[in-house]
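Data first, discussion second: the structure below is written as structure tokens.
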Amino acid sequence: FIRSQDQTGTNTARQLMPELQLRIHDVTMTLLRSLFGHDESGWWRKGVPEKVRTEVAARRETNPEGGSYDQFFELLDYRSIAAAPANWDSFDPYFAFGSGRGKENQLAWFSKLSAIRNRIAHPERGTVSVDELAFIEALADHFEKVAAPLL
């Protein structure tokens with residue numbers, strides 16, 4: 001019974017995850033462009049930390065189809081972008097989803113979400129628990145609420 005519940009939770013999480021990740025992407029890009037401008041010389045150069053730029057550019061270069069830089073962000077890149085000193089004050093109202101004070105505590109959810117996402121993408125790593133599904137649902141609700149006026 002418990003395993004079937006975990007599998008049901010995993011299937012539900014698998015459905016929620018792409019929408020949640022796209023919402024995180026959309027909020028990130030909207031904030032970056034409003035802070036630094038729509039050109040790559042703005043949002044890309046001024047809003048994305050150098051380490052993330054380097055990793056994203058490498059991913060982009062190895063993809064034969066190419067594409068814009070923002071198509072090659074990975075989940076934890078959004079955490080680095082939000083946590084950047086030039087960005088945090090603007091990202092805080094949208095990305096702070098945690099207990100405790102301070103940026104690190106407020107962004108700790110990224111690590112948890114990344115671990116769950118990896119399990120969803122690689123089923124051999126296990127299933128999503130009821131508590132983890134509740135976490136994803138709460139995070140999806142949070143982003144739906146905070147993103148609505150922004151997007």
Side-chain angles (χ1 to χ4, degrees), residues 9-123 125 127-129 131-151:
T10 301
N11 290 337
T12 303
R14 189 172 286 125
Q15 292 171 347
L16 288 172
M17 188 59 72
E19 183 179 321
L20 175 56
Q21 195 162 336
L22 283 174
R23 180 100 21 158
I24 292 167
H25 172 270
D26 291 346
V27 169
T28 300
M29 292 310 300
T30 299
L31 290 171
L32 285 175
R33 287 181 173 131
S34 71
L35 289 169
F36 303 107
H38 290 264
D39 295 334
E40 286 181 2
S41 62
W43 73 266
W44 174 249
R45 292 272 173 208
K46 296 175 185 170
V48 179
E50 182 179 359
K51 183 176 187 243
V52 174
R53 284 197 321 266
T54 302
E55 292 168 358
V56 169
R59 281 183 224 129
R60 180 181 178 221
E61 287 301 314
T62 60
N63 186 310
E65 297 173 13
S68 63
Y69 287 115
D70 69 298
Q71 292 176 314
F72 293 93
F73 287 138
E74 292 182 353
L75 185 60
L76 293 177
D77 293 335
Y78 300 116
R79 185 203 179 285
S80 298
I81 293 167
N87 300 343
W88 179 242
D89 287 343
S90 297
F91 278 71
D92 178 9
Y94 303 95
F95 283 75
F97 184 83
S99 58
R101 294 190 162 176
K103 187 180 353 181
E104 294 306 312
N105 289 330
Q106 300 277 309
L107 294 173
W109 61 267
F110 270 105
S111 296
K112 184 175 181 179
L113 184 64
S114 179
I116 296 168
R117 187 207 162 280
N118 288 341
R119 235 176 302 123
I120 291 168
H122 305 279
R125 295 184 186 172
T127 58
V128 174
S129 72
D131 289 343
E132 289 170 329
L133 177 59
F135 166 75
I136 291 172
E137 290 172 333
L139 191 56
D141 287 345
H142 166 78
F143 269 94
E144 186 174 325
K145 289 175 188 166
V146 299
L150 185 64
L151 303 177

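- For the side chain to side chain contact (heavy atoms under 4.5 Å, CB included) test, residues two or more places apart in sequence or in another chain that qualify with Glu137 are Thr12, Leu16, Leu133.
- To the nearest 0.5 Å, atom OG1 of residue Thr30 and atom CG of residue Asp26 are 6.0 Å apart.
- Glu61 is linked by a salt bridge (charged side-chain N to carboxylate O under 4.0 Å, His left out) to nothing, counting only residues two or more places apart in sequence or in another chain.
- Environment of CZ in Arg119: crowded, with over 12 heavy atoms of neighbouring residues, nucleotides or ligands closer than 6.0 Å.
- Summarising the geometry, atom CG belonging to Asp70 is positioned 8.5 Å from atom CD belonging to Glu40; distances are rounded to the nearest 0.5 Å.
- Residues Leu139 and Leu20 are in side-chain contact: their nearest non-hydrogen atoms beyond the backbone lie under 4.5 Å apart.
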Walk me through whether Asn63 and Arg60 qualify under side chain to side chain donor-acceptor pair (under 3.5 Å). CA-CA 5 Å; Asn63 186 310; Arg60 180 181 178 221; over 6 Å; no

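- Distance check: Met29 CE to Gln71 CD gives 10.0 Å after rounding to the nearest 0.5 Å.
- Nearest heavy atom pair, residue Asn118 against residue Arg125, reads CB-NH1, 3.5 Å.
- In this structure, the side chains of Trp88 and Leu107 come closer than 4.5 Å at one or more pairs of heavy atoms.
- At least one donor-acceptor pair closer than 3.5 Å links the side chain of Arg53 to the backbone N or O of Arg45.
- The two residues Thr127 and Glu132 have their closest heavy-atom pair at O-OE1, 4.0 Å.
- Side-chain contact check for Phe91 versus Leu35: some heavy-atom pair is nearer than 4.5 Å.
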Checking side-chain contact (heavy atoms from CB on, under 4.5 Å) for the pair Val48/Val56: CA distance, chi angles, key distance, verdict? CA-CA 10 Å; Val48 179; Val56 169; 5.8 Å; no

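- In this structure, OG in Ser111 is found 9.0 Å from CD in Glu104, a value given to the nearest 0.5 Å.
- In this pair, Phe110 and Phe95 present their aromatic rings parallel. The plane angle is below 30°, not in the 30 to 60° band.
- Between Ala147 and Val27, the closest heavy-atom pair is CB-CG2, 3.6 Å.
- Residue Arg101 places its CZ atom among 12 or fewer non-hydrogen atoms of other residues, nucleotides or ligands, all under 6.0 Å distant.
- Between Lys103 atom NZ and Asn87 atom CG the span is 9.0 Å, to the nearest 0.5 Å.
- Of all the heavy atoms in Ser80 and Pro49, the pair that sits closest is O-CG, 3.6 Å.
- For the pairing with Val52, the side-chain contact (heavy atoms from CB on, under 4.5 Å) check across Phe73, Tyr69, Trp44 returns one residue only, Phe73.
- With salt bridges taken as basic N to acidic carboxylate O contacts below 4.0 Å, none links Arg79 and Glu74.
- Considering all non-hydrogen atoms of both residues, Pro93 and Val146 come closest at O-CG1, 4.0 Å.
- Here CG of Leu113 is found 10.0 Å from CZ of Phe97. Values are rounded to the nearest 0.5 Å.
- The nearest pair of heavy atoms linking Ile120 to Met17 is CD1-CE, 3.9 Å.
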